[in-house]
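A note on names: the letters A, B, ... follow the listed sequences, proteins ahead of strands, and every chain is numbered from 1. Remember, predicted model here, so these are calculated numbers, not experimental data.
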There are 2 protein chains.
Amino acid sequence: MKLIKGKENKEVLIEREPIDVETFKRMIRQMGLKVTKQRVHILEAMSEGRAHITVQELYEKLQKTHPEIGFATIYRFLKNMTDHNLVTEVRMGGFPARYELTPNQHHDHLNCTNCGKIVEFENESIEELQESVARKFNFKLTGHVLELYGLCQDCQQE
Amino acid sequence: MKLIKGKENKEVLIEREPIDVETFKRMIRQMGLKVTKQRVHILEAMSEGRAHITVQELYEKLQKTHPEIGFATIYRFLKNMTDHNLVTEVRMGGFPARYELTPNQHHDHLNCTNCGKIVEFENESIEELQESVARKFNFKLTGHVLELYGLCQDCQQE
DNA sequence: ATAGTATTGATAATCATTTTCATTAATGGT
DNA sequence: ACCATTAATGAAAATGATTATCAATACTAT
């Protein structure tokens, strides 16, 4: 369980392991798609910097180094990746969707609403209970969003 | 929506009391807004029938009895209500937002990612485990979002 | 009832996302 | 390496949900 520090209520940057180009190409082939420079560049852009990125942010980031990549390509490829579970789509409220390379270890978030600190946690019992709720209503579970909000120890003392 | 009782896990579809016009008017005044027939009709339409309704569905429902009510009015009023926590907005994937009169009893949602159906449930064990996670990290819990996604029985068969 | 102001509804505007389609590029077989 | 086949691309148009505009209308306190 890893602790990530944030400032105020801003979004938090999450460090990821760097992934090499060969791995990206393997991921693309694995989906049954052709390896194009655009797709590799999109994966590269997603693997560096902020974990949850919007299409707009991705587009602007790519503009600097590969100005030939268009919105449609990004949207299309993210859809492919999402369908193949290599990318996780997070939609909040009416905001544009955010995408992240699917982390190998599932986790949920405990967020401090005062200082923005985030604790990632994983609780097997909660996961099982979610499954049992789904079963009870004859749903086949495919995903979930669990975000806890509260005050961390430091902020409670203020 | 009908009531379904669970056994040990206490999943429940929430029962809603019918609400009378005077209560609706009080709610509107409480927000510091003027009482108009449109607003009362919108509240009436929301309080009968399906709990989670889209703007489109609400519009069509209102068309039959009050064809003078426009989309803009519905959107504006739902925004007011949501801001004042009298209505809860549920957004799922890229589907249109669904709205419900905020129930006095807390519940979470089970969403069908194919047809947009929403099932409400309440699970005391999950709530307790959330508390215990928060305690473990010395957080004081103030709220949470739990949305389950999957395929409902009908959509699994397609 | 009247004045003053909030509300309304039709329509235009916006914003994210998807589709279209003519052009270009990747791949597999030679 | 060279094609031929077919998928992929990018620009622009289309879509769908939601929000803003604004002149006409309806509440509400006086």
Nearest to the side chain of [X], heavy atoms from C-beta on, is which of [options]?
X: B/Ala72; options: D/dA17, C/dT11, C/dT18; value: C/dT11
X: A/Thr73; options: D/dA8, D/dG10, D/dT18; value: D/dG10
X: B/Gln38; options: C/dA16, C/dT8, D/dG10; value: C/dT8
X: B/Lys34; options: D/dT18, C/dG4, C/dA26; value: C/dG4

Starting at the 5' end of DNA chain D and moving along, which residue's nearest nucleotide shows up first, B/Tyr75 or B/Val35?
->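 The residue closer to the strand's 5' end, by nearest nucleotide, is B/Tyr75.
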For [X] and [Y], indicate whether the former's side chain and the latter's backbone hold a donor-acceptor pair under 3.5 Å.
X: B/Lys25; Y: B/Val40; value: no
X: B/Thr102; Y: B/Asn85; value: yes
X: A/His41; Y: A/Lys37; value: yes

Would one find a side-chain N or O of B/Lys37 under 4.0 angstrom from OP1 or OP2 of C/dT7?
->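 Indeed not, no polar side-chain atom of B/Lys37 lies that close.
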For D/dA7, does OP1 or OP2 lie under 4.0 Å from any side-chain N or O of A/Thr36?
->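 Negative; the distance criterion is not met.
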Nucleotide [N], atom [atom2] - distance to [atom1] of [X] in whole Å:
X: A/Leu33; N: C/dG28; atom1: CG; atom2: P; answer: 13 Å
X: B/His66; N: C/dG9; atom1: NE2; atom2: P; answer: 12 Å
X: A/His41; N: D/dA8; atom1: NE2; atom2: P; answer: 17 Å
X: A/Leu58; N: D/dG10; atom1: CG; atom2: C1'; answer: 16 Å
X: B/Ile74; N: D/dT19; atom1: CD1; atom2: C1'; answer: 14 Å
X: B/Arg76; N: C/dA6; atom1: CZ; atom2: P; answer: 14 Å
X: B/Ile69; N: D/dA26; atom1: CD1; atom2: P; answer: 14 Å
X: A/Phe77; N: D/dT9; atom1: CZ; atom2: P; answer: 8 Å

Note: B/Arg98-B/Glu57 ion pair, threshold 4.0 Å (strictly below) =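 B/Glu57 and B/Arg98: salt-bridged.
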If you measure from the Lys or Arg side-chain nitrogens to the Asp or Glu carboxylate oxygens, is any gap between B/Glu89 and B/Arg91 under 4.0 Å?
->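 Judged by the 4.0 Å cut-off on N to carboxylate O distance, B/Glu89 and B/Arg91 do form a salt bridge.
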Which is true for B/Arg39 with a 4.0 Å heavy-atom rule: it touches a base, it touches only sugar-phosphate, or it touches nothing?
->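 B/Arg39: backbone/sugar contact only, no base atoms under 4.0 Å.
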So what does A/Gln56 touch, heavy atoms closer than 4.0 Å: a base, only the sugar-phosphate, or nothing?
->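 Answer is nothing: A/Gln56 stays at 4.0 Å or more from every strand.
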